2 protein chains.
Amino acid sequence: MKTLVEPTLNLPEPNAHNHQQCVHDALKTAEHLCSERGVQLTSIRHQVLELIWESHKAVKAYELLDRIKPLQNAAKPATIYRALDFLIAQGLVHRVESLNAFVGCRCSGHQHEQLLLICKQCEEVEERTAGKVMQALAEEFRQAGFTAHSKAVEVHGLCRRCAGLGEA
Amino acid sequence: MKTLVEPTLNLPEPNAHNHQQCVHDALKTAEHLCSERGVQLTSIRHQVLELIWESHKAVKAYELLDRIKPLQNAAKPATIYRALDFLIAQGLVHRVESLNAFVGCRCSGHQHEQLLLICKQCEEVEERTAGKVMQALAEEFRQAGFTAHSKAVEVHGLCRRCAGLGEA
DNA sequence: AAGCGGATGATATAATATAGCCCATAACCA
DNA sequence: TGGTTATGGGCTATATTATATCATCCGCTT
Ligand SMILES: [Zn+2]
Ligand SMILES: [Zn+2]
Ligand SMILES: [Zn+2]
Ligand SMILES: [Zn+2]
């Protein structure tokens, strides 16, 4: 006997939003920025970026490799890692250290402080600016006499949606 | 011909403190905690912990493997990773995600929020409680509807000493 | 003695990442 | 025109990090 809806399966679209728009925006932004900066968003780099943006999950390098092979028959690990190096340097992609994986940057275009909320359930990564956190960090650095070069904060847990489903 | 002192080399002891005391305390604490908890700080686990505490740098698993071989001839990767799993579970060691390396925990004994300040120069890792940062993070989670399970903040940069030497 | 769980041994392999060398192209310069 | 450099990427190999699986050992309980 079932109720009309099955809550835990009722996920037609992970994280309701127009993802095609997401991807389109990200790629357009990337194209503009690279053009402005006089760097080359080559075919391979573009394809890798597109693959990364297929979802908001962090994606592994070798998964990208598998997925790009139909397009780039000659692709080898270095092919992917070189593209990733470029995309990261341009601030278009973040490396998620705690997963050895990569995710598209939503505030594209410049290196910046970031808070990554990583859901253990749906694996999506939400990027937030978290100004207060960064301020508190800055104060902590001042006390410690530490000169920060990178500030990546990665937190694992459950996103709103997945936590909600868990309770239901 | 030499001057009396060689400033840039004048680092007889990285981060001036009684490190033997450091190590001694860490090991004693570990022994007590494991005993209290009824878990076994076996010979291998003790040795690995001791090796990790040889410095305040984050140390790689295979480096530990090399260094433990004289003591444990049969040591294989799994030997180290198992010991590390145990030590991490007991809150005696932190994994530094952004380095794939491991460092002794100075607030030993319980899982806890941590801010790790990782020096690119001397490679030492300073662990701080950073209450303000954690509070700001908690507020950010509340806004995002995120349920955090792990909160590890890793920041790369220059420690006070190394930044000082750079200026000097 | 038999049975159990935790720890370790032993072997193999998976997963992640980089090194180094070469070649093609395009831009830039003598 | 020809040389030179910079960049991107193919290709091979290898380094580094981590886990899976099954066997064995040991202390403890029944
Ligand atoms: Zn989207
Ligand atoms: Zn989720
Ligand atoms: Zn010390
Ligand atoms: Zn330092």
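Keep in mind that this is a model prediction, so the values were computed, not measured. Protein chains get the first letters and strands the later ones, always in sequence-line order, with residue 1 at the start of each.
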Minimum heavy-atom separation for [X] to [Y], with atom names?
X: Leu158(A); Y: Cys162(A); answer: CD2-CB, 4.2 Å
X: Glu154(A); Y: Arg95(A); answer: OE2-O, 3.8 Å
X: Cys34(A); Y: Phe86(A); answer: SG-CZ, 3.9 Å
X: Thr147(A); Y: Ala163(B); answer: OG1-CB, 3.8 Å
X: Gln72(A); Y: Ser43(A); answer: NE2-OG, 3.8 Å

Under 3.5 Å between N/O atoms: give me all the protein pairs with nucleotides 22-29 of chain C, atom names plus distance.
none

Pairs in or reaching into [range]: which pass salt bridge (charged side-chain N to carboxylate O under 4.0 Å, His left out), with residues at least two apart or in two chains?
range: residues 57-66 of chain A; value: Glu63(A)-Arg67(A)
range: residues 77-90 of chain B; value: none
range: residues 139-148 of chain A; value: Glu139(A)-Arg142(A), Glu140(A)-Arg128(B)

Sorted by number, residues from residues 77-86 of chain B placing a heavy atom under 4.0 Å from DNA chain D are Pro77(B), Tyr81(B), Arg82(B)

Sorted by number, residues from residues 60-71 of chain B placing a heavy atom under 4.0 Å from DNA chain D are Lys60(B), Tyr62(B)

Closer than 4.0 Å, any side-chain N/O of Arg95(A) to the OP1 or OP2 of dA17(C)? yes

Tell me every residue that passes salt bridge (Lys or Arg N to Asp or Glu O under 4.0 Å) with [X], counting only those two or more places apart in sequence or in another chain.
X: Lys28(B); value: Glu31(B)
X: Glu127(A); value: none
X: Glu123(A); value: none
X: Lys120(A); value: none

Rounding to an integer number of Å, can you tell me how far Asn100(A) CG sits from dT16(C) P? 7 Å

In whole angstrom, give the distance that lies between atom CG of Leu99(A) and atom P of dA15(C). 16 Å

Span of DNA chain D engaged by chain B, first through last nucleotide within the 4.0 Å heavy-atom cut-off, is dT17(D) to dT21(D)

Closer to the 5' end of DNA chain C via nearest nucleotide, is it Phe102(A) or Thr42(B)? Thr42(B)

Hydrophobic clusters join Ile, Leu, Val, Met, Phe, Trp and Tyr when side-chain heavy atoms are under 4.5 Å apart, directly or via other members; which others share one with Phe141(B)? Leu115(A), Leu117(A), Val133(A), Met134(A), Leu137(A), Phe141(A), Phe146(A), Val153(A), Val155(A), Leu115(B), Leu117(B), Val133(B), Met134(B), Leu137(B), Phe146(B), Val153(B), Val155(B)

